[in-house]
Amino acid sequence: MSEMSFSTDIVRWRYKLLPDHVIGEVLTKKWVDSAIPFLALALLVFGLGPFVPHFFEWTTLGNLARQFAEFGLIVLGLTIVMMSGGIDLSVGSVFALSVLMSLIGMNVEGWSAGTGLVATLAVGASCGALNGLLVGYVRMRAFLTTLVTLIIFRIVVRDRLSRVLDGDCDQHVRLRRV
């Protein structure tokens, strides 16, 4: 009888001193799915930030905010695709191709900002329409289709960029390597 109460006392002390059941209950809550990535990000920023020189200065934070705006728009579009149950691996390549088209158009061809914007949107929309046509109407698998278009768009970007950097573009304007 005393052995039974002793083991019961050990179990009680275990639950009082080791809060693993509390951690298990917290991890079953719905809000934890959103909180864990945020906490991991906060831990990375505040844990590793002091080791990066000039990380918490206003200029660095301003640059991060500008980059966040660009990538945030891409993530919004990709969120819609992911929420509908799809996948698009070519998002980065479409972004690179659209931005390269805008940069070449405005810096090499002399387009206005409005023309560059329209061209950028047209390139992105046509690449997206191609992926949508292949996946939606031809019924190809989204993973493989967007993987192939990722490779194709990346090849176009590298080819066009190398031509511009080598001075082999239409108006024979050579861009400096940065």
Of all heavy-atom pairs between Ala119 and Trp111, which one has the smallest distance, and what is that distance? CB-CZ3, 3.5 Å
Which heavy atom of Val81 sits nearest to which heavy atom of Ile87, and what is that distance? CG1-N, 3.8 Å
To which residues is Ile80 joined in a hydrophobic cluster, defined by side-chain heavy-atom contacts under 4.5 Å among Ile, Leu, Val, Met, Phe, Trp and Tyr, whether direct or through other members? none
Please test Thr79 against Met83 for side-chain contact (heavy atoms from CB on, under 4.5 Å), starting from the C-alpha separation and ending with a verdict. CA-CA 6 Å; Thr79 301; Met83 287 176 63; 3.6 Å; yes
For the atom pair CG (Leu73) and CZ (Phe68), what is the distance rounded to the nearest 0.5 Å? 9.5 Å
Closest approach of Pro37 to Val32 (non-hydrogen atoms, all atoms of both residues): CD-O, 4.5 Å
Within one Ile-Leu-Val-Met-Phe-Trp-Tyr cluster: Leu43 and Phe38, side-chain cutoff 4.5 Å: no
Could you list the donor-acceptor pairs under 3.5 angstrom formed by side chains in residues 150-159, with sequence neighbours left out?
none

Those residues at least two apart in sequence (or on a different chain) that pass side-chain hydrogen bond (donor to acceptor under 3.5 Å, both in side chains) with Ser112 are Thr115
Quiz: residues 126-144 side-chain donor-acceptor pairs under 3.5 angstrom, not counting sequence neighbours:
residue	atom	partner	partner atom	Å
Ser126	OG	Ala122	O	3.0
Ser126	OG	Val123	O	2.9
Asn131	OD1	Thr149	OG1	2.9
Asn131	ND2	Ser90	OG	2.9
Arg139	NH1	Gly136	O	3.4

Output side-chain donor-acceptor pairs under 3.5 Å for residues 47-57, partner residues at least two apart or in another chain, one line each.
residue	atom	partner	partner atom	Å
His54	ND1	Glu57	OE2	2.8

Clusters formed by hydrophobic residues whose side-chain heavy atoms approach within less than 4.5 Å: which one holds Val75, and what are its other members? none
pair Leu161-Leu100: side-chain heavy atoms closer than 4.5 Å: yes
Go through the structure and list residues passing ring pair (Phe, Tyr, Trp, His ring centres under 6.0 Å) with Phe71, not counting sequence neighbours. Phe95
Students should find that the hydrophobic cluster of Leu117, defined by side-chain heavy atoms under 4.5 Å apart, otherwise consists of Leu121
Tell me every residue that passes side-chain contact (heavy atoms from CB on, under 4.5 Å) with Leu39, counting only those two or more places apart in sequence or in another chain. none
Mind checking side-chain contact (heavy atoms from CB on, under 4.5 Å) for Lys30 and listing every partner two or more places apart, or none if nothing turns up? none
Please answer: with hydrophobic residues joined when any side-chain heavy atoms are less than 4.5 Å apart, are Met82 and Val91 in the same cluster? yes
If hydrophobic clusters are built from ILVMFWY residues whose side chains come within less than 4.5 Å, do Leu97 and Met106 share one? yes
Write out all pairs satisfying side-chain hydrogen bond (donor to acceptor under 3.5 Å, both in side chains) with one or both partners inside residues 64-78, taking only residues at least two apart or from two chains. Asn63-Arg66
Going by salt bridge (Lys or Arg N to Asp or Glu O under 4.0 Å), name the residues that satisfy it together with Asp33, two or more places apart in sequence or in a different chain. none
